[in-house]
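Below: the structure, in structure tokens.
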Protein chains: 2
Amino acid sequence: MDDLEKRLRKINKSSVIPVYYQLARILERSIRLGQLKSGESLPAENKIASICGISRMTVRRAISELVDLRLVSPQKGKGTFVTGYELDHTVFEFYDFFKEMRRRGKKPSSELVNVKIIKAGEKIAEKLDIPLNTKTLAIKLVLKADGYPMAYEEKYIVYEKQNPIIESEIRDPSLPSLVSSHLHKLPVNSCRILHVTIIDEQVAILLNTKPRTPAFLVEQILYDKDNVPIGWGKSIYRGDKYKLVSYDGLNLLSRKEGGITDYE
Amino acid sequence: MDDLEKRLRKINKSSVIPVYYQLARILERSIRLGQLKSGESLPAENKIASICGISRMTVRRAISELVDLRLVSPQKGKGTFVTGYELDHTVFEFYDFFKEMRRRGKKPSSELVNVKIIKAGEKIAEKLDIPLNTKTLAIKLVLKADGYPMAYEEKYIVYEKQNPIIESEIRDPSLPSLVSSHLHKLPVNSCRILHVTIIDEQVAILLNTKPRTPAFLVEQILYDKDNVPIGWGKSIYRGDKYKLVSYDGLNLLSRKEGGITDYE
DNA sequence: TAGTGGTCTAGACCACCTC
DNA sequence: AGGTGGTCTAGACCACTAA
């Protein structure tokens, strides 16, 4: 408590480092190192402001960073309280295949397995909330990084015959861009579901791997602004080539969250 | 452009809904519905302020929400620009087993498979960065929800003989709390890795499932404030009972990110 | 030089909570 | 009534960018 006050007084108002940033780091350290314990409250905003000799708005800016980090939660009329220890809450970021590969410095490409106009079967009809046998554009792709097969993807969108199918768009593995270019409807909401699955024999051949190995399955449903489903896709990522990584904690360098990375 | 101005003028300063919130939603809609396109810039902060008749600080508060949503990225001296279409960036939240089950309204429990002091083998020695054969506390658990086995967990921490092992702490499936109670060292950083795997025969028996079915494998490494590893654990979650769900997009109700959910 | 975003101030009023 | 966080203002100075 008293200890914290000492540290608060060390804030350097004429530093190039912003005051709100210095303050946020002081408070973050105090919490993460256990000097401010879960359930305790921070000093009042006005008190911090007067201790540090800064404006209350600057204090609030610092505290809002701690709120974003879920270290602290303010309660109107009462105070700002340190929340429970948060190393057991993790966030995994997940990017589209092309973005992810570019991020990793690898060259993404896609190979068309086939494109068909099909009549919606039970599963597709349910996912897209359309009648059975509605004409549906079905696209199957193998996704590669530096020419090496990494993932397999199936995408389904309702077919509009007036719109030609452009191959370059089909090969782009982003369902949102495909949907918006074919349907001229904007996907505004998206739901993604991450499952585990086992690679079957057909996909194993396409991915040049053994059947019955485990894999990530990412399902994506896109909705327009009226929450009508307009596209559905599933992607199978080789389990031997992917993992999702996430870092949490004090050190700034490791705060950056990871995404899919090589698994070796 | 002109259209946006019209909407900006509609802001109601005497509403119970905060001005910054109204403004953030107007800008968010304009971006998500494609009226403000990727690469375009928002009106300058001062301009928005004068159009709406509000303070620049309030405008900044609104824009900072869009930054958090990754819809927009401000550039010093130039302007604030709409970023690329972001339905292809997903965040999966992941909670500890106990927290997750309570969130779902199920009663979590754990069953000890065994607790041993072992000599670190190659794998553990490498993960914890300790010499081979160092005494290590090894804990194996089955995690249950409403009595039904859902996950299997192994945890390893360096053994300190002066600290007794308390069963209630062992059964708590949170590695951070286990480490801090046994070692009296605070875990300050955490690294989690999400893999896919296949359940082997021994685990299949414990989880009352068939062997060779797919599962999530979550690895966690904990570090103290000097970035020395102080605990390692792996958890295997039944692939038929888990999925990670995430919603993105315009609608407020669906903005809330999902976690692990039942898979039926 | 003019315009932009980044930081910061010193107030203000409010709703909420506790006493 | 007094303290707390939530919102908002009307300025200010700065560093950066572009013409």
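Only this structure's heavy atoms are used, side chains among them; waters, hydrogens and symmetry mates stay out.
- As a whole-Å value, the separation of B:Leu66 CG from C:dG5 C1' is 15 Å.
- Checking the phosphate oxygens (OP1, OP2) of C:dT7, no side-chain nitrogen or oxygen of A:Thr58 falls inside 4.0 Å.
- You'll find that the side chain of A:Lys76 is closest to D:dG5, out of D:dG5, C:dG6, D:dT9.
- Between B:Phe94 and B:Tyr237, the distance from one ring center to the other falls under 6.0 angstrom.
- Within the structure, every side-chain polar atom (N or O) of A:Ser55 is placed at least 4.0 Å from both OP1 and OP2 of C:dA10.
- Salt-bridge annotation for B:Asp96 and B:Arg192: present, with a side-chain N of the basic residue lying under 4.0 Å from a carboxylate O of the acidic one.
- For the pair A:Arg61 CZ and C:dC8 C1', the interatomic distance rounds to 10 Å; values are reported in whole Å.
- Annotation: of the two residues near DNA chain C, A:Val19 and A:Arg56, the 5′-most nearest-nucleotide partner is A:Val19.
- The nearest whole Å value for the distance from the CD1 atom in A:Ile17 to the P atom in C:dC8 is 11 Å.
- With rounding to whole Å, B:Asn46 atom CG is found 14 Å from D:dT9 atom C1'.
- The distance from atom NZ of B:Lys13 to atom P of D:dC8 is 10 Å, rounded to the nearest whole Å.
- Taking the side chain of A:Ala44 as heavy atoms from C-beta on, and the options D:dG5, D:dT9, C:dG6, the nearest nucleotide is D:dG5.
- The closest side-chain donor-acceptor pair between A:Ser190 and A:Gln220 falls under 3.5 angstrom.
- No contact: A:Ile63 has no heavy atom under 4.0 Å from any strand.
- Taking only side-chain nitrogens and oxygens, A:Lys78 never comes nearer than 4.0 Å to OP1 or OP2 of D:dG5.
- Distance B:Tyr21 OH to D:dG6 P: 16 Å, rounded to the nearest Å.
- Distances shorter than 4.0 Å separate some side-chain N or O of A:Tyr20 from OP1 or OP2 on C:dT7.
- For the 3.5 Å distance criterion, the side chains of B:Arg7 and B:Gln35 qualify, holding a donor opposite an acceptor.
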